[in-house]
Amino acid sequence: MDMPGWFEATGDSYFKHVNRTTIELSAAEARGSDAELSVRAAATKSEAVTIADRLVAGYRPRCA
């Protein structure tokens with residue numbers, strides 16, 4: 001199944017439905033440790049969702 005071909009993680013489709021640690025790890029995987037720290041610095045989960053949504057917009061992982 002080619003998930004990257006049809007699914008994009010966004011605030012509404014993914015980040016609102018997972019815990020903050022998963023949001024941080026997802027941002028780190030997509031954009032690196034600075035992105036993870038930006039999400040971690042958010043005061044609320046809602047803010048973390050917004051930050052992660054902005055950071056990973058347009059990200060497409062490489063398929064092995």
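From a predicted model like this one, the values you see are computed outputs, not experimental measurements.
One finds the CD atom of Glu36 at 11.5 Å from the CG atom of Leu55 (value rounded to the nearest 0.5 Å). Remark: Thr10 OG1 to Lys16 NZ distance equals 8.5 Å, nearest 0.5 Å. In this structure, OG on Ser33 lies 12.5 Å from CD on Glu24, to the nearest 0.5 angstrom. Here the CZ-CZ distance, from Arg40 to Arg20, works out to 9.5 Å after rounding to the nearest 0.5 Å.
With His17 contributing its side chain and Asp12 its backbone, the two residues share a donor-acceptor pair below 3.5 Å.
Results of the side-chain contact (heavy atoms from CB on, under 4.5 Å) test with Phe15 over Ile23, Thr22, Thr50 single out Ile23 as the only residue that passes.
Contact detail for Ala35 and Ala27: the closest heavy-atom pair is CB-O, 3.7 Å. The shortest heavy-atom contact between Glu47 and Ala43 is OE1-N, 3.4 Å. The minimum heavy-atom distance between Ser38 and Ile51, with the atom names listed, is O-CD1, 3.8 Å. Considering every non-hydrogen atom in both Ala42 and Ala48, the closest pair reads CB-N, 3.5 Å.
Scanning for salt bridge (charged side-chain N to carboxylate O under 4.0 Å, His left out) contacts around Asp34 gives an empty result, with sequence neighbours left out.
Counting heavy atoms from C-beta outward, Ser26 and Val56 have side chains that stay 4.5 Å or more apart.
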